[in-house]
Number of protein chains: 2
Amino acid sequence: MSHTVGIRQAQKQKTRQAFLDAALGLLEEQSLSSLGLREVTRAVGVAPTAFYRHFRSTADLGVALVDEALGSLHPMVRTTVATPGAERITRAVRLIADHVAAHPAHVRFIARERHGGVQPVRQAIREQLARFAEEVKTELAKDPEAEGWSDEDLLMLAHLYVDQMLITASLFLETLESPEPSEAARQRVAHIATRQMRLISLGRQHWLD
Amino acid sequence: MSHTVGIRQAQKQKTRQAFLDAALGLLEEQSLSSLGLREVTRAVGVAPTAFYRHFRSTADLGVALVDEALGSLHPMVRTTVATPGAERITRAVRLIADHVAAHPAHVRFIARERHGGVQPVRQAIREQLARFAEEVKTELAKDPEAEGWSDEDLLMLAHLYVDQMLITASLFLETLESPEPSEAARQRVAHIATRQMRLISLGRQHWLD
DNA sequence: TCATCCAGTTAACAACTGTTCTCCGGAATT
DNA sequence: AATTCCGGAGAACAGTTGTTAACTGGATGA
């Protein structure tokens with residue numbers, strides 16, 4: 001038994017996670033650029049100076065949040081886009097709906113800070129989204145409709161899909177934020193999003209005409 | 001000559017505009033939710049209390065900025081979308097590029113606060129974008145390709161176009177923000193955006209198959 | 001067992017925040 | 001000419017902010 005976790009490191013990661021959770025909660029009603037260091041430590045129940053043991057700044061914390069929010073999502077997107085035929089779009093919309101329902105704060109954070117006031121965070125999000133686009137591209141390249149397509153055009157299409165997914169996620173989020181979150185509103189968003197992606201797919205099929 | 005402007009009202013609107021300009025400048029590097037009232041008055045060169053003569057809060061100022069940024073844009077979008085044939089997309093992309101180049105701070109503000117932390121501002125932007133979508137819809141309805149389309153599907157398509165325009169504007173903005181703003185990068189964005197809109201138009205043409 | 005490490009604490013710093021109340025002086029109204 | 005109006009100034013309020021320095025006490029490794 002050479003390498004037990006270490007009580008010390010375990011505790012450290014535990015409070016680090018507490019920082020991330022508390023910050024995510026506070027960020028539901030404000031942007032990262034207005035998030036105070038003391039505000040977070042107060043929410044965690046810890047002294048202000050403890051913050052520096054984990055993060056250099058709130059921007060640093062924000063970058064960590066980006067990884068937490070998007071890092072584990074790549075395989076799910078990949079397998080979803082890999083679904084063949086007409087079911088791909090249905091599954092994609094369901095994946096988005098489920099993910100927003102399960103992690104609304106994460107989605108809100110990404111939508112908010114993508115164009116937000118903190119440069120390093122914006123860059124981290126941009127890099128993650130570029131990764132998504134690359135992955136979607138290589139999946140799209142696999143199916144027969146991609147024959148004759150240049151790499152450039154495939155990437156353009158992939159970006160279109162990724163952006164569309166983010167917009168859809170943001171609309172699902174608004175659905176949850178409304179004073180009376182109704183299943184009907186959610187279904188309406190799903191309906192529109194599905195048709196928009198279908199239209200894009202149609203454009204794809206006739207691109208080489 | 002019964003109704004001259006009034007020295008008083010003229011001065012008031014002048015300093016009000018100074019508030020809007022100063023705020024827009026400060027918001028290039030932060031979000032509205034972190035913009036301080038005193039920060040703005042300092043930039044204008046006026047006492048903190050003078051702020052209250054013009055705005056109830058910084059959120060109020062934000063809403064005013066939304067109107068300034070998007071209010072006058074409706075006729076331009078309308079006539080651009082009204083352009084017939086293949087030239088419509090070219091003109092739309094050029095309109096976006098020119099507008100971003102002429103008013104980068106306005107565009108940044110809208111992109112940032114669309115999902116930002118200040119609810120009234122988010123709502124104001126949402127309303128303006130809904131207006132754009134409605135206008136694009138009625139223009140789209142005019143051309144022959146719209147025959148057989150339901151109102152619902154036309155609105156869905158209009159939203160797709162509007163969102164696409166915003167994404168493109170944001171990409172043009174990143175082009176300007178980069179350390180070495182190159183004409184080549186701008187052309188690349190224009191190229192991709194044009195193709196994406198073409199693909200959507202293709203999807204539109206085959207929607208009723 | 002003993003020395004080392006290190007996550008978290010306490011205290012203090014100058015600087016900043018939004019908001020209230022009172023006042024001023026020039027424009028507007030009568 | 002006299003009075004009212006009102007955009008802006010000034011001072012003061014209690015609270016907040018990020019960052020520093022020196023500390024404590026339990027886990028860690030020799």
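Proteins get letters first, then strands, A, B, ... in listed order; numbering begins at 1 in each. In what follows, every heavy atom counts, from backbone to side chain, and hydrogens, waters and symmetry copies are set aside.
A donor-acceptor contact under 3.5 Å links the side chain of A:Thr49 to the base of C:dT10. For A:Arg38 and D:dG18, a side-chain-to-base donor-acceptor distance below 3.5 Å is present, hydrogens and geometry of angles not being considered. At a cut-off of 3.5 angstrom, the base of D:dC6 holds no donor-acceptor pair with the side chain of B:Arg53.
The side chain of B:Val46 lies closest to D:dA9, out of D:dG7, D:dA9, C:dG18.
Screening B:Glu87, B:Glu139, B:Arg88, B:Arg91 for a side-chain contact (heavy atoms from CB on, under 4.5 Å) with B:Thr80, the sole residue that qualifies is B:Arg91.
C:dG18 atom P lies 12 Å from atom CG of B:Leu32, rounded to whole Å. For the pair A:Gln11 CD and D:dA27 C1', the interatomic distance rounds to 11 Å; values are reported in whole Å. Look at CG on A:Leu26: it is 11 Å from P on D:dT17, rounded to the nearest Å. Atom C1' of nucleotide C:dC6 and atom NE2 of A:His54 are separated by 11 Å, given to the nearest angstrom. Between the CZ atom of A:Arg56 and the P atom of D:dG18 there is a distance of 17 Å, rounded to whole Å. The CD atom of B:Glu39 sits 11 Å away from the P atom of C:dC16 (whole-angstrom rounding). Residue A:Phe55 contributes atom CZ, which lies 14 Å from atom C1' of C:dA7 at whole-angstrom precision. Between the CZ atom of B:Arg8 and the C1' atom of D:dC6 there is a distance of 4 Å, rounded to whole Å.
Each of B:Pro48 and A:Thr58 has a nearest nucleotide on DNA chain D; the 5'-most of these lies closest to B:Pro48. For B:Leu35 and B:Gln9, each mapped to the nucleotide of DNA chain C holding its nearest heavy atom, the one lying further toward the 5' end belongs to B:Leu35.
With respect to the salt-bridge test (charged N to carboxylate O, under 4.0 angstrom), the residues B:Arg131 and B:Glu135 qualify. Salt bridge status for B:Arg108 with B:Glu177: present, with a side-chain N to carboxylate O gap under 4.0 Å.
Contact annotation: the side chain of A:Glu152 never approaches that of A:Met156 to less than 4.5 Å [non-hydrogen atoms, C-beta and beyond].
Atom CG of A:Leu61 and atom CG of A:Leu27 lie 8.0 Å apart (nearest 0.5 Å).
Using a 4.0 Å heavy-atom criterion, one finds that A:Arg42 contacts the sugar-phosphate atoms exclusively.
Of the side-chain N and O atoms in B:Thr15, one or more sit less than 4.0 angstrom from OP1 or OP2 of D:dG8.
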